[in-house]
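Below: one structure, written as C-alpha cells.
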Amino acid sequence: MCDADVSLPLLGWYDAHARVMPWRVGPQERRAGIRPDPYRVWLSEVMLQQTTVAAVRDYFRRFTARWPTVGELAAAEDGAVMAEWAGLGYYARARNLLKCARAVVADHGGVFPGDSTALRSLPGIGPYTAAAIAAIAFDEAATVVDGNVERVVARLFAVEDPLPGAKSKLAERAARLTPTERPGDFAQAMMDLGATICTPRNPACGICPLMDLCRARAAGIAPSLPRKSAKAVKPERQGIAYVATRDDGAVLLERRPEKGLLGGMLGWPGTDWAEVLPEPSPPVPADWQEAARTVRHTFTHFHLTLTVMTARVAGGTAPGRGSFVARGDFRPASLPTVMRKVHDAASLPPSGD
DNA sequence: TACACGTGGTT
DNA sequence: TAACCAAGTGT
C-alpha cells in the first residue's frame, strides 16, 4: 500500500463529505486559494487535544471573538484566559496557550513559524499539533498522527500489536501514506474518517472509501482494532470543600497553584484530596454546616467525593486563605467543572431539619 | 517509559 | 452504570 492508493480515494471522499467547522477552510475554498489563519489553526488544534469537536466549538468562537489575533491573546491577562477556558479541561493547555502566544510575539515577531520543527519548540505544541499546523496552514507534508489516525492505520494494515506500544509502528505506517499533494486536507480527511466512519465501535466499513484496501476488514477484525493494553483501576479519593458567603454576597475563592491538578484555576478553599478523608481545615472561623449533597467527580486517574461545607460570614471578616470575590464579579462558569459542582451543591436549600 | 492531567458524551 | 472514548503534551 502506497500513498496514492490511499490518498486518492480518501481525498475524493473528503471533497464530498468534509465536516464544516468554524476554524476550517473547506476543500473548495482551499482550491480557490483561501489559506487558513495559522492562529486559528493553532488555537483549534490545542483545544481539540483530547477533546471532542462538539465541546470545542463554542470555546473557539468565544476565544476568537475576544482575542482575534495572537498578539491580542498574548496581551490578555492570565486570569481572563483561564476563566474563558474553564470547563474545557486539561488546564495546562490554557497556561501553555498564553506562553506560546507570548513566545510568538516575543521571539517570532507575532507571526507563527512556518515549519513543523520550529512549531514543535513552542509551549504546548507537541508532535501532533506541530504536524497539524504545518500541514493545514503551511502545506508541509508532515505526518499527523492522533487517535483517529492510529485507529485508521491499525485497521488498514491490520496491526494487532496493542497500544500504546504500537504507536511508533503506526506512525511509520501513517508516514508512508502521507502525500506531498494536499497534506493538510489529507490529515483532516484521515481524522474525519476516523471520527465518522472508522469509529472505535461499530465502524461503518460498508460505506468506507478505503474498504477495498483495508486488511482488517478483509480479515474480519476491524472492530477489534486497535488493541489496547489493560488500564489501571481508578482509586477513590475524598476531601472537603468550603463555600463561604459574606453578608454582601461575596464568595471566598482562591487561585490554585500553577502546577498540578486544575493548576492556575480558581476554586473553593478545601482540604487535600486523599484516599483517607483529611481532617477539616476551614479557611475562616464560622458556623460551618454540611450541605445536603456531596459532589462526585471523576478525573482522568481517580474518582473524587467531596463533602461540601457552607457558612455565612460577617462583613469585614479576614479569611485565612483565598480572597472574597464580589457577587457581581463571580460567574460559576469561570470555575473548573468540579468546582462548579461544589457551587451547585452549596446553593441548594439546606436539608430540612 | 509511565504517569499526571478534565470533561462530557456514548454504550 | 461503570467503563470507554476524544484532533496529546509535559515531565
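In what follows, chains are A, B, ... by sequence order, proteins preceding strands, each numbered from 1.
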Check your understanding: Would you say A:Arg201's side chain and A:Pro223's backbone share a donor-acceptor pair under 3.5 angstrom?
Key -> no

Practice item. Report the distance from atom OH of A:Tyr59 to atom C1' of C:dA6, rounded to the nearest whole Å. Key: 15 Å

Point to revise | Any A:Gln49 side-chain nitrogen or oxygen under 4.0 Å from OP1 or OP2 of C:dG8 | key: no

Check your understanding: So what does A:Gly263 touch, heavy atoms closer than 4.0 Å: a base, only the sugar-phosphate, or nothing?
Key -> nothing

Exercise for review: Would you kindly compare A:Gly87 and A:Asn202 by the position of their nearest DNA chain B nucleotide and give the one closer to the 5′ end?
Suggested key: A:Gly87

Review point. Counting any heavy atom closer than 4.0 Å, what does A:Pro164 reach on the DNA or RNA strands: base, sugar-phosphate only, or nothing?
Key: nothing

Review point. So, the side chain of A:Arg321 versus the backbone of A:Pro283: is there a donor-acceptor pair under 3.5 Å, distance only?
Key: no

Exercise for review: Name the nucleic acid region contacted by A:Lys259, choosing base, sugar-phosphate or nothing; use a 4.0 angstrom heavy-atom cut-off, strictly under.
Suggested key: nothing

Review point. Using a cut-off of 4.0 Å on non-hydrogen atoms, how would the nucleic acid contact of A:Arg24 be classed: base, sugar-phosphate, or nothing?
Key: base

Practice item. Can you measure from CD1 (A:Ile207) to NE2 (A:His17) and round to the nearest 0.5 angstrom? Key: 8.0 Å

Review point. Between the side chains of A:Tyr128 and A:Glu45, is a donor N or O closer than 3.5 angstrom to an acceptor N or O?
Key: yes

Review point. Phosphate oxygens OP1/OP2 of C:dA6: is one of them under 4.0 Å from a side-chain N or O of A:Arg151?
Key: yes

Study note, to complete from the structure: Whole-Å distance, A:Asp146 CG to C:dC5 P, equals 15 Å

Check your understanding: Should we count CD of A:Glu29 as having more than 12 external heavy atoms under 6.0 Å?
Key -> yes

Exercise for review: To the nearest Å, give me how far apart NE2 (A:His301) and P (C:dA2) are.
Suggested key: 20 Å

Review point. Under the ring-ring contact (aromatic ring centres under 6.0 Å, His included) test, which residues partner A:Phe186, sequence neighbours left out?
Key: none

Practice item. Map A:Arg201 and A:Arg93 onto DNA chain B by nearest heavy atom, then report which one ends up closer to the 5' terminus. Key: A:Arg93

**Study point:** Under 4.5 Å side-chain linkage, directly or through intermediates, the cluster mates of A:Val20
**Key:** none

Revision key, fill the gap. 5'-most to 3'-most nt of DNA chain B touching chain A (<4.0 Å, heavy-atom partner on protein side) reads B:dA4 to B:dT11

